Structures are given as structure tokens and as C-alpha cells.
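Structure first, commentary second.
No experiment lies behind these values; they were computed from the predicted model shown. Below, chains carry the letters A, B, ... as their sequence lines are ordered, and counting in each starts from 1.
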4 protein chains.
Amino acid sequence: MSTERKRRANGEESRRRILDAAAEVAGERGYDGTSIAQVSARCGLPVSSIYWHFKDKDELIAAVIERSFEQWLTAFDAEGEDVPELVVRIGEALVATPDFLRLGLMLALERRPHEASARRMFLQVRATTLERIASTIREHAPELGDEAVRLLALYTMAAVDGFFVAHEIGGDSVDLGALFALHGRVLVDAARHLSA
Amino acid sequence: MSTERKRRANGEESRRRILDAAAEVAGERGYDGTSIAQVSARCGLPVSSIYWHFKDKDELIAAVIERSFEQWLTAFDAEGEDVPELVVRIGEALVATPDFLRLGLMLALERRPHEASARRMFLQVRATTLERIASTIREHAPELGDEAVRLLALYTMAAVDGFFVAHEIGGDSVDLGALFALHGRVLVDAARHLSA
Amino acid sequence: MSTERKRRANGEESRRRILDAAAEVAGERGYDGTSIAQVSARCGLPVSSIYWHFKDKDELIAAVIERSFEQWLTAFDAEGEDVPELVVRIGEALVATPDFLRLGLMLALERRPHEASARRMFLQVRATTLERIASTIREHAPELGDEAVRLLALYTMAAVDGFFVAHEIGGDSVDLGALFALHGRVLVDAARHLSA
Amino acid sequence: MSTERKRRANGEESRRRILDAAAEVAGERGYDGTSIAQVSARCGLPVSSIYWHFKDKDELIAAVIERSFEQWLTAFDAEGEDVPELVVRIGEALVATPDFLRLGLMLALERRPHEASARRMFLQVRATTLERIASTIREHAPELGDEAVRLLALYTMAAVDGFFVAHEIGGDSVDLGALFALHGRVLVDAARHLSA
DNA sequence: AATGAATGAGGATTCATTCAT
DNA sequence: AATGAATGAATCCTCATTCAT
């Protein structure tokens, strides 16, 4: 059984292979550090085939973010939990699928006009997540005003980002579990401060 | 002889102009997004002059980070403050000189072998800052063990990073002051949790 | 069966749509400037369908020229006219279907080995036209020798080309009617010079 | 004496070599048919060096046209001649430096937004030439009104373009001398028609 | 009669860097 | 202390064309 060298054209699968490769590379090196040639080498399809499936690099990266976000959503999806639990679940999801956030943060930190759609996709996905955190907080602390809820949601999202960065830098010497647990407990105190 | 002096002075000046331009560009676009040609265009000196002052791109960016860190240190230097105050001061310094952290975070998030010195410079600078936060915490909560102090310092640094990211993304709709104040107060509760 | 007929009809229709699109694009940008992808985008049919109807780019452009020439022939077809009238009619036909000549001239000016059939098609079409002009001249000035007739025919064709170029460049600020009328009158003088 | 392989950097000469090569290639194949790689191969300098001397392909071709026009101007420069003589001189200059007009006509026939400067350069050069023809006509036929002079100048320029095209297509079977001589004589008749 | 997918070669342009002056 | 010129490798992307269905 020699390697099938031309398995009959299969768009779906090729698209998936390209996205897998692009997620890997972009997760490692960011937007500018990712070259189409690298993606091509990693997925085995020629450069021109990548352009058949995606209009340009920008759209490719946007698609990577979109798909990665869906995976991450699946990973931390859960209902009826209380706030500290939610925070911990987010943390777990992070460790499981870190490419999404790493790439997204890199894009968010950049200040440039291009790569519009990739950046936009991340910001949209982020807004969705923020809203979700806010509604969980609102459920569990109905006495808080809108401003306070928004502040706590922002605080939580910032903590998540910060923990992620710390873990990226410090590796396993950073105890993500302890950090998330601490933040979960602290949120309750913070809610008390704000409702007072 | 005065010509000599003039020349030397111009050397310093040129170096400064290059660093200014590089800080701007790299702050906007990250390491890969920054090209020597862009820096040249922005500072008005030819490309080859940049290479006269800096060995290569990596060293140029490292120098940008180093200088930017010194400016930032100056901005939040202060002694004898209590923990919440320290946190607030860090926040103020952030808003004042954001290039340093933005570029540093971009570098930290990337996963690649090269650009050794730029990245190393940022990590070193970051370790210094972490140690400083830790010692302030230790001073003000002598009852805490080393592990607890380290956790709180990490937590604080993560919060700073996260707030910064939130502000980069959300602009002035994100109330940095409120976030830093909240974190300052919350730290005290956290210390209580951990010493219990 | 009616399906059959429909399909066949669609085949014709598709061919026509492709030719229309190709004529537009090639008229605007010349042979090299025309890409199959552009033609595809402009006619709505996929690239591979264009290759189903035409062997390659060269043949497609040749077909464009051929069809365009037929349209132009129709536009200036007329019998028994005298020389100045013929010249004016050619001019009118030019303004009506300019793609043909514009594309043809571009091809004629290029110096390269490929695109054989497109270029050949234009040259052939041009030879036909030249012969036709010559025979009209011969009819109306039977006293002229072959050489003189050929010279006048060439002169006229050159004038047509030149007027066309002038109009392409200068737009409606170039009074084509006046130019053609002038050339028509001048031809009579020229015939006199040559027969003397 | 081995081939000097790196003769010390000489901007002027390199620029000239690039222009020579570009004129050759573009004269043969037009704007789109000319690739920077071909120019590089023909002049021996690497592609990136071409970009050191010229901002982009557009500017390179524009420079080719400009220089070529100057050569052509030199070739047909002369004072105090009468109209038929001027026409003949233009014809001689054409045969001597045909690249200029061939490339220019190709550009003029194209209808596209880009390559702005190359096209603009040709049109400007052409306007200069037209004005020059007009003033010679005015000198020798002072009785003509402005409109008539402009028409005759346009007619002459169109004839030149047309003769050129005829010669490009027909090669030496087209007797340029006879055509130019004929046009020269005919102009006098045309002037009579118009002043009547 | 038509088309989605694939593909290698080549397109223009920019890259970081070096070198002679 | 500085710079004009050069350079090979890499960048993103488009090209004409083919092939299995």
C-alpha cells in the first residue's frame, strides 16, 4: 500500500488540514511570524491550494480564531454553576486550548490597520465571553448594580488573561489552579465591597 | 576639536532618534511587524546607520525594551507605600508609558527560538518587578509564608497585565482607576484568606 | 430531451458570456493584463468552465478578436461607395466597436513568440481589411498602378489606426469626424500626386 | 584580467544598466509582459538592486519612457525646416528609436487605473511633441486658424503613429520613406482645403 | 456541459544584513 | 560617525492549466 499521493480532491478535509497547520504555526509565532509557506509545509498542501480555500492570510487567521474559539467554548460550556466554579472551569479550558487565547492576545496588542478580520473576530469572540461572565455574576449576586457587574466581569477576564500570560512565561512553575481558586474566592469579597 | 565633540554629540542624538522611532514602530506592530526600513523612514537616518549603532534587529529591540523599562521604573518608583497604593501607582505608570508593556507582552507570547536578547531583556525586567511587588507585600503582611507572598505577587502582576490588555482593547471605556483600586482592596482580603 | 436542448442552449449561452467578459477585460488591459480569473469573475462562470469552452488563453483571445471583427465588419459593410465615404464609414464603425481595434493594436505592438493564434487572427483580419480598402480605391481610381494603390491603402489604414489612437488618448476632444473627412478629401489629392 | 565581479558600487552606472535592460524588455513585451526578473537577468543586477534604484515597476517604466523620449527628441531636433521636411525627420527618428513609441502606444491603449506614472509620462511627452508639430505648421502656414492648425497637427501625429504601426506589423515591406513623403506633400493640400 | 479542487511556476515587492567608502 | 549601494532569501499572492467527478 503505497502512500496515496493524490487522494481524490476533498475540500472539507483539506480545509481542516490547513486550519490545523495554521493554528499550530500562528499559535507559536503570531500573525506576522506566520508565513503561508510554513503553513503549506506543515499541512502538505501547496501554497496555491491554501489560497483556494482562503482569500488571504488575514482570512485564514480569522478562520483559525473562529474555529479555535468554538473549541474553547465547548470546553468550558456548563450551566448552573456558581461563580468560583465558573472561574476554575475557564482556567481548565485555557490550559486545554491555549492557542486561541495566545494568538488572540497577540493580535489584540498590535496596533495596525490591516489584518482587520482576524482581529475583529477575536474582539467579537471576546465580547461574547465577557457578556457570559457578566450574566453568571448577575445571577449569583443579584444585588449588584450594572456598573458593578461589568467591573467584576472585566476584572475576571483580566485575571484570566493575566494568569494565562503568567503561565506562558513561567510555565508549570506557575500554579494556575491556585491562582484561579484564589480569584474565585476573592470575587465574592469584591462583590461585597461593591454592594456596600 | 569642537567638531569632534559635535560628532560625538550627534552620535548620541542619532542613537536616541533611532530608539524613539523603533519604540514607536515596535509598540504598534510587535517584533515581526517591525522592519528596519520602517524605523529608518520614521527617524530619517539611513538603514546602514541603524546598523552602525546596533548590531542587529534583535539588539535594537532589546535596547528599546531596556530604555522603555527604565522610563517606566522612574514613573512608578516610590518607597514606603502600602500595598493598595503600590498597585495604583503601577497602574498610573502603565498608562503613562504603555509601549514597554505592550511590546514586552507581544514578545512574551511568541514562541520562537530567535530574538533571544529582546525577549530575555523583557523577562529579566519582569522578574525584577515581580520581586519588588513581593517584597512590598512581605513588608505589609509579615505573617504570610513565602508561597503565599509569591502567589499574591503573581496575582497582582497578572492583574496588571490583564488590566493593561483590557485597556488596550477597550480604550477609555475601561476604567483603569476603578480596576486598580478594586484589586488593591481585594489583595487585603486575599492575604487574610491565605494566612488563615 | 428538452433538458438536452436546454443544456445545449446553455452551452452556447455560456460561451457567449465568456466571450463578452473576455472582450471587456482584454479591451481594457491587453493580452498579458487579462487573466482567466478576471474573466471568470466578470462572467460568473468558474475558471474550469472557461477551459471547457476554450483550449487555452491564447485561443480565447483569438476568439474574442474573431467575433469582434465580425461585429465590426457588419458595422461598416457597404457596397458601391466612393472613397471618402468609405473612410467616413470606417471611422463610424471604429467608434461603435473600439475593443476590436484596441486589443488588436496592443497585440500587434507586442514582440513575442507566444499567443500565436490571437495575434495571427488579428493580422489576418487586418490583411482582409487592407485588401478591401485597396479594391475600393482601385475601383474609383482605375488609372493608378498597383504600387500606388497599395500605398494609398496603407496610408488610409495607418490614418485609421492613428485616428483611433488619438481618440483613445484625447477622448472626445478629438474630432474624429473632421479627421476622417479631411483624410477622405486628401486621398483624392494624393491619388493625383501618385498618378502624375 | 578576470572579470571584475564586484566593481565598486556605482549608482549612476547601475541605474543606466537597469534602464537599458528595461527599455529592451518593455519595448519587446509591453508593460505587463515585462517582469522585474527579466530585467534583472538582462542587466545582471539582482532584483533587489532594481528596487533600490526605482520605487516600483511603474516608476521604472516611467523612467524608461522619459529617457527614451529624450533620446528621440535629440534624434529629430532641428530648426527652421519646412513642414514636409519635419515629417520626414520624425519618420527617421522613429526608425532609429522605436522602443519609445512602441511602449508608449501600448501603454496609451491600455485602460486601467494603475501604472499611473508611466502612462502619464508618455502622455505628457506626447503633448509636447504635438505642440511642437503645431508650431512648425503655424510658422509655415500663417494664414491658418488655430482650429485648423490643431487639426493638421493631430492628423500628422496620427499619421506618424499609424505609419509606425504599419511598419511594426509589415516590417520592411512597408516603405516608410514613401509614406512620410506622401504625407508631407499631402499636408500642403490639406492646408489649402482648410484655409479655403 | 460543467465544476470544485489542486498545483508548480512565477509575479512584484520587502526583508535583514553587509560592504566599500 | 555615517551612508549609498548591493544582495540573496523570503514575503504574500496570482498565474495558466489540469484532473477527477
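- Between D/Ser49 and F/dA5 there is no side-chain polar atom (N or O) within less than 4.0 angstrom of OP1 or OP2.
- As a whole-Å value, the separation of C/Ile18 CD1 from E/dA2 P is 8 Å.
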Extract all donor-acceptor atom pairs below 3.5 Å that involve side chains of residues 33-45 of chain B and protein atoms in other chains or at least two apart in sequence.
from    : atom 1 : to      : atom 2 : distance (Å)
B/Thr34 : OG1    : B/Gly30 : O      : 2.6
B/Ser35 : OG     : B/Ala37 : N      : 3.4
B/Ser35 : OG     : B/Gln38 : N      : 3.1
B/Ser35 : OG     : B/Gln38 : NE2    : 3.2
B/Gln38 : NE2    : B/Gly33 : O      : 3.3
B/Ser40 : OG     : B/Leu45 : O      : 2.8
B/Arg42 : NH1    : B/Glu24 : OE1    : 2.9
B/Arg42 : NH1    : B/Glu28 : OE2    : 3.4
B/Arg42 : NH2    : B/Glu28 : OE1    : 3.3

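- Of all heavy-atom pairs spanning A/Ala26 and A/Ile61, the tightest one is CB-CD1, 4.0 Å.
- Among residues two or more places apart in sequence or in another chain, the salt bridge (charged side-chain N to carboxylate O under 4.0 Å, His left out) test is passed with C/Arg15 by none.
- In this structure, D/Leu45 atom CG and F/dG8 atom P are separated by 10 Å, rounded to whole Å.
- Taken from CG in C/Leu109 to CG in D/Leu103, the straight-line distance is 10.0 Å, to the nearest 0.5 Å.
- The heavy-atom pair separating D/Ile18 from D/Ser49 by the smallest distance is CD1-O, 4.3 Å.
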For D/Glu110 and D/Arg119, run salt bridge (Lys or Arg N to Asp or Glu O under 4.0 Å): C-alpha distance rounded to whole Å, both residues' side-chain angles, the deciding distance at 0.1 Å, then the answer. CA-CA 9 Å; D/Glu110 280 169 18; D/Arg119 199 175 195 268; over 6 Å; no
Nucleotide by nucleotide, nucleotides 12-17 of chain F touches protein heavy atoms under 4.0 Å in the pattern (B base, S sugar-phosphate only, - none) SBBBSB
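- Here the P atom of nucleotide F/dA5 and the CZ atom of D/Arg17 are 14 Å apart, to the nearest Å.
- B/Phe54 places its CZ atom 15 Å from the P atom of E/dA16, with the value rounded to the nearest Å.
- Applying the side-chain contact (heavy atoms from CB on, under 4.5 Å) test to B/Arg16 and every residue at least two apart in sequence or in another chain returns B/Glu13, B/Asp20, B/Arg67.
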Note, DNA chain F 5' to 3' with Watson-Crick or G-U pairs under 3.5 Å encoded as ( ), [ ], | and . gives .||||||||||||||||||||
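- Contact annotation: the side chain of A/Tyr31 approaches that of A/Asp58 to within less than 4.5 Å [non-hydrogen atoms, C-beta and beyond].
- A/Asn10 has its CG atom 20 Å from the P atom of F/dC19, to the nearest Å.
- A donor-acceptor contact under 3.5 Å is formed by the side chain of B/Trp52 with the base of F/dA2.
- For F/dG4, the OP1/OP2 oxygens have no side-chain nitrogen or oxygen of D/His53 closer than 4.0 Å.
- Nucleotides of DNA chain E nearest to C/Pro46 and A/Gly44 differ in position, and the one nearer the 5' end is that of C/Pro46.
- The distance from atom CD of A/Glu12 to atom C1' of E/dA5 is 12 Å, rounded to the nearest whole Å.
- With sequence neighbours excluded, the residues satisfying side-chain contact (heavy atoms from CB on, under 4.5 Å) with C/Glu59 are C/Lys55, C/Asp56, C/Ser117.
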